[in-house]
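To start, the structure itself, in structure tokens.
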Protein chains: 2
Amino acid sequence: MRAEEMLQTLVAHGYRLTEPRQALLEVIACRPGWFSVRELSEDLGQKKIRVGRATIFRTLNLLVDLGLLERVRGANEVEGYVVTGAGEHHHHLICSRCGRVEELPECPVAERLAELAAERQFQVVSHNLEVYGVCIQCLRQESLEQEK
Amino acid sequence: MRAEEMLQTLVAHGYRLTEPRQALLEVIACRPGWFSVRELSEDLGQKKIRVGRATIFRTLNLLVDLGLLERVRGANEVEGYVVTGAGEHHHHLICSRCGRVEELPECPVAERLAELAAERQFQVVSHNLEVYGVCIQCLRQESLEQEK
DNA sequence: CCTGCTGGTGAGACTAAGTATCAATTGCTA
DNA sequence: TAGCAATTGATACTTAGTCTCACCAGCAGG
């Protein structure tokens, strides 16, 4: 998702189009997959843009609320975020090697979960699925290295 | 799971049976469901038992490694832990009201996830599912309160 | 029962995420 | 272009979690 689009969404929800927000969105849009707040700060630092810590978190929360971002615990157990198309329900395949994130086109839980929850009379409000593994690119690279 | 059993597991794996570990396990065993480190510390404080921060985290990590505990992000987005029967694969229904945790008897993801991942040539190593909602007890209580 | 080796502990400093406060600033609208 | 409300940044704070290092205590072997 491009920075432009995210800005549009902000404006559409009545939020102001400020300098720090633009800077943040640009940096976020450049990140291919999962990122931590630390990485974000570093990116900003490299671009010589100063944005206060508080603003970073405020903006991240905003984006999460709007469904543009999602909080995801990375493979290394570190908290971070992932850009998501829009507010729809979805899950991710997270590569433990490169941190890249692929979106799952459908929810592999929905059906069976509904049944199980009904059995136990548990009212499901939401759920959260994170899948860890190795993506095809990293698998290939690995087998190349082993050939040497 | 009782504190005794957890101690047995520790010993069976060659770990020593120390004072702080016993104290921690007892407090953990008393917790019905999800708990944060903060709650744990408070419980220890109330019982007038002093255990160093480092030891708490060491022990928690140990228990996670042994599969007796699991790290779970609570409904309020706070990190915490949950006691799990043993090292097997399982998931949880987490009640956002009372924090109680029910174990799911089967994994509602396994089948469909395997298919989806195969399609995209992603090698799944592990996955993590957390389900949030309201448990039957809290639902009942709620409807009682509304009747008034 | 005692002793020593080694695993375990606690204090404390450190990293990092995330929140709260509040005065100063800046988008936007009229 | 003036003004108001939304936004910002500095700063201090909370909590999770790690690391180090000197000290301590389980437990095995005598």
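Atom CD of A:E79 is separated from atom P of C:dT19 by 11 Å (rounded to the nearest Å). For the pair A:L40 CG and C:dA17 P, the computed distance is 10 Å after rounding to whole Å. In this entry the distance linking CD1 of B:I49 with P of C:dG10 reads 11 Å, nearest Å. Separating the CG atom of B:L62 from the P atom of D:dT18 is a distance of 12 Å, rounded to the nearest angstrom. In this structure, CG of A:L60 is placed 8 Å from P of C:dG18, rounded to the nearest angstrom. Distance B:I56 CD1 to C:dG12 C1': 15 Å, rounded to the nearest Å. The separation between B:N61 atom CG and C:dG7 atom P is 18 Å, rounded to whole Å. For the pair A:L10 CG and D:dT8 C1', the interatomic distance rounds to 15 Å; values are reported in whole Å.
The ring-ring contact (aromatic ring centres under 6.0 Å, His included) analysis of residues 92-116 of chain A, with sequence neighbours excluded, yields the pairs A:H90-A:H92.
Side-chain atoms of B:R58 and base atoms of C:dG10 include a donor and an acceptor less than 3.5 Å apart. For a distance-only test at 3.5 Å, the side chain of A:R53 qualifies as a donor-acceptor partner of the base of C:dG18.
Closest contact between the side chain of A:S36 and the listed nucleotides D:dA16, D:dG9, C:dA17 involves C:dA17. Of the candidates D:dA16, C:dA17, C:dG10, the closest approach to any side-chain atom of A:V37 belongs to C:dA17.
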Q: Start with the C-alpha gap between A:L62 and A:R21, add the side-chain angles, then the distance that decides, and say whether side chain to side chain contact (heavy atoms under 4.5 Å, CB included) holds.
A: CA-CA 10 Å; A:L62 229 176; A:R21 296 224 248 244; 3.3 Å; yes
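Look at A:E106 and B:R112 and you find a salt bridge, because one of the NZ, NE, NH1 or NH2 atoms lies within 4.0 Å of a carboxylate O, short of that distance.
The closest side-chain donor-acceptor pair between B:R58 and B:T55 falls under 3.5 angstrom.
Hydrophobic clustering keeps A:V125 apart from A:L113 (ILVMFWY residues linked when any side-chain heavy atoms are closer than 4.5 Å, directly or through intermediates). A:L10 and A:L69 fall within the same hydrophobic cluster, defined by Ile, Leu, Val, Met, Phe, Trp and Tyr side-chain heavy atoms under 4.5 Å apart, directly or through other members.
For the contact set between residues 12-24 of chain B and DNA chain D, defined by any heavy atom under 4.0 Å, the members are B:R16, B:L17.
Ring to ring, A:H127 and B:H91 are not that close: their centroids are 6.0 angstrom or more apart.
The phosphate of D:dG17 has OP1 or OP2 within less than 4.0 Å of a side-chain N or O from B:Y81. For the pair A:R71 and C:dG18, the criterion of a side-chain N or O lying under 4.0 Å from OP1 or OP2 is met. Contact annotation: B:R50 side-chain N/O to C:dA11 OP1/OP2 distance is under 4.0 Å.
Each of A:E39 and A:A54 was assigned the nucleotide of DNA chain C with the nearest heavy atom; the assignment lying further toward the 5' end belongs to A:E39.
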